Amino acid sequence: MFSTAFLDLPALQGASGTVTLPGSKSISNRVLLLSALCQGTTVVHDLLDSDDTRVMLAALRQLGCGVDVQGTTVTITGLGGQLKHHDAIEFFMGNAGTAMRPLTAALAVLGGDFTLKGVPRMHERPIGDLVDALRLLGCSIDYLGNDGFPPLHIGKPSLKLDAPIQVRGDVSSQFLTALLMALPLAAKDRNIVIEVVGELISKPYIDITLNLLARYGIVVKRYGWQRFTIPQGCSYQSPGSIHVEADASSASYFIGLGAIASGNGIRIQGVGADSIQGDIRFMDAATQMGAQITSGPNWLEINRGAWPLKGIELDCNHIPDAAMTLAVMALYADGPTTLRNIASWRVKETDRIVAMATECRKLGATVEEGQDWLRIHPLPQGQWKAASIHTYDDHRVAMCFSLAAFNADQVPVRIEDPKCVAKTFPDYFEALFSVAHASTQDIPVICIDGPTASGKGTLASRVAQALGYCYLDSGALYRVTAYAALQAGLTLEASDEVRISDLARTLPVRFEGDSVWLGRDDVSDAIRTEQAGMNASKVSVLPSVRISLVALQHSFQRLPGLLADGRDMGTVIFPHAPLKVFLTASAAQRAERRHKQLISKGISTTLDSLRADLEARDARDSSRSVAPLKPAQDALQLDNSSLSIDASVAQVLDWWKAKQPF
Ligand code: DC
């Protein structure tokens, strides 16, 4: 996951390949709650690991359910409709509507002493219609803040179930879902009838609920979309094990990607055209706009068809979440696209009509908006602007605007707070980068070099972290090469140059976090000794070894960008890098830093001898004929003798930001 303050997407050119999508949020949280209400144990496969499901799992644990998480397989031991604890419990619901609504209903019917709270935005998301319905049926619920909104307190109910229970259907279908999942708890000795008042929105989500209830032994009778009967005597039966489909709304970004990006097509694994999720109908809207889609069990394949895309006019009531993706696709169309019947966007994670309009305008688009509709005009070549997209703590805003990076003007797109995708798709950007490609010249590289012990490694990896960029420690490549050569019984002298360079050309080296692997061996410690540094220095003066490592170093230039640390990064390997930094620090300072480092490792040395060593090495490094230590002509010099690491990182980031068009 990218936890950076922002993520800059370079201009993207095309996309091909396969993505495997995480489990659906809506299905995951419904399955968790239903498994919790059952008697016995349910093994849930392919569960989404996200903020929303974590909120639900935490709540279930608080209620006394057995919860055993093994990767994406979670085993739930249910309550059997009976609470194990009767103490006061406070639940924190974050911004997870799919946990808040159904838990409110289930807890209100079960009864107890419960407080449900969330983040400030959750306290602005309406819940009054659900509370009204629950109160009518005898539940005890109080508002702890503003009427109609969380936080809530739930007490013990005295249930009155004879009259039909009425619930409004035109604000959020989650209210009806919540009642449908909770009321079987109270249907032991009577039928329970729920009536929807007003037009029911987001009907496909109710279909998911009914479908899953049936898997758990509750067959609800439906009369149109107005009246639902939960049959007397029904009870939750564990299906034993259940698979969660991949999220059809998440699929929309890759369907959109396949429709927009040139390439050999995108294959989506985990969900097919026969999905029980309503958002799968996004396929039809994308097809209307020009995408070519084929499908089989659990997979979809998308290719670019009509180009530019075709502007459409669509009632989006049946695909409220996925329809946001259409708004960004609309920028690539031949005429305006009008999305109608999207009033529910106003009460989602943020007011999505305002958010989509505002951010599309930042890109340069003309957008019209009404109470429940949005019209987006296409953005012709020459009018795209590099924009910093605000994401409003809304995962879908972040994900759908990533598609703007395919723009014809090849301007980059900045996504603010990219970690907000964690709500449903923590590795969204990793998945995007695994299929999207950019021109090499568009993938930014920052080079950092400097004399030994100047702190360039620390600085480079910290800057890489702050930007979410890949990191190339080129010194480590020379260290690994020397290590591998010695392992192979070679000397590090010129006489073995050809064999060392052959070895370097196919070096099976991998960087994983802070670890460096050579084939199956973790060589992180072995290559970081003083001796390994000396050995690296020896092989690094062999010209054909340097040439052999060029392709490997170039392969690190991957999306979304690269921080390259080492000797000739800015001069030979990435001469066009837009930012090159040359660190300087006095020999005295560097000796002191190295001294501290060695002492902390339990290695005793003296400051004077270290300083003498450093000065000798500087002289050798700057005067050697092969790849001498010298700043690139266009490098910015940073003397960090009296700067903290944080201050040096901030300086490099400032230089970098000043070069960006945002
Ligand atoms: O930065 P370091 O101490 O890990 O580097 C080990 C040796 O490799 C050092 O002698 C410099 C050399 N080197 C090089 O010649 N070219 C690079 N790009 C990186 C390191």
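Predicted model, so just to flag it, every value in this text is computed and none were measured. Atoms within a ligand are numbered from 1 in the order they appear, just like the ligands themselves.
Of the protein's heavy atoms, A536 CB, 3.6 Å lies nearest to atom 7 (C) of ligand 1. Among all non-hydrogen protein atoms, the one lying nearest atom 17 (C) of ligand 1 is R567 CB, 3.2 Å. Summary of contacts: the protein heavy atom closest to atom 1 (O) of ligand 1 is K456 NZ, 3.3 Å. When only non-hydrogen protein atoms are considered, atom 19 (C) of ligand 1 lies nearest to S474 OG, 3.3 Å. Protein heavy atom at the shortest distance from atom 5 (O) of ligand 1 is G475 CA, 3.6 Å.
Only one option out of L653, D646, L563 pairs with R462 in a side chain to side chain contact (heavy atoms under 4.5 Å, CB included); it is D646.
There is no side-chain donor-acceptor pair under 3.5 Å between Y471 and Q465.
When non-hydrogen atoms are compared, ligand 1 lies under 4.0 Å from neither the backbone nor the side chain of R528. When heavy-atom distances to ligand 1 are checked against a 4.0 Å cut-off, A627 has no atom that comes that close, whether in backbone or side chain.
For the pair T4 (side chain) and F6 (backbone), a donor-acceptor distance under 3.5 Å is present.
With ligand atoms numbered from 1 in the order given, ligand 1 contributes 18 (N) to contacts under 4.0 Å with heavy atoms of M569. Heavy-atom proximity to R479, at under 4.0 Å, picks out these atoms of ligand 1: 2 (P), 3 (O), 4 (O), 6 (C). Near R546, meaning under 4.0 Å from any of its heavy atoms, are these atoms of ligand 1: 14 (C), 15 (O), 16 (N), 17 (C), 18 (N). Of all the atoms in ligand 1, the ones that sit under 4.0 Å from a non-hydrogen atom of D568 are 18 (N).
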H576 and Q441: side-chain hydrogen bond (donor to acceptor under 3.5 Å, both in side chains), yes or no, with the steps?
CA-CA 8 Å; H576 303 296; Q441 82 255 14; over 6 Å; no
Residues D68, Q70; criterion side-chain hydrogen bond (donor to acceptor under 3.5 Å, both in side chains); working and verdict:
CA-CA 7 Å; D68 177 36; Q70 303 288 340; 3.2 Å; yes
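Residue K538 places every heavy atom at 4.0 Å or more from ligand 1.
Between Y478 and ligand 1, not a single N/O pair is under 3.5 Å apart. Distances between N or O atoms of D473 and those of ligand 1 include no value under 3.5 Å.
Between D621 and R567 there is a salt bridge, with a side-chain nitrogen of the basic residue lying less than 4.0 Å from a carboxylate oxygen of the acidic one. D49 and R54 are joined by a salt bridge, as a carboxylate oxygen and a charged side-chain nitrogen come within less than 4.0 angstrom of each other.
Rounding to the nearest 0.5 Å gives a distance of 4.0 Å between CZ of F401 and CE of M356.
In this structure, R479 fails the cation-pi test against Y483, since its NZ or CZ atom is not both closer than 6.0 Å to the six-membered ring centre and inside 45 degrees of the ring normal.
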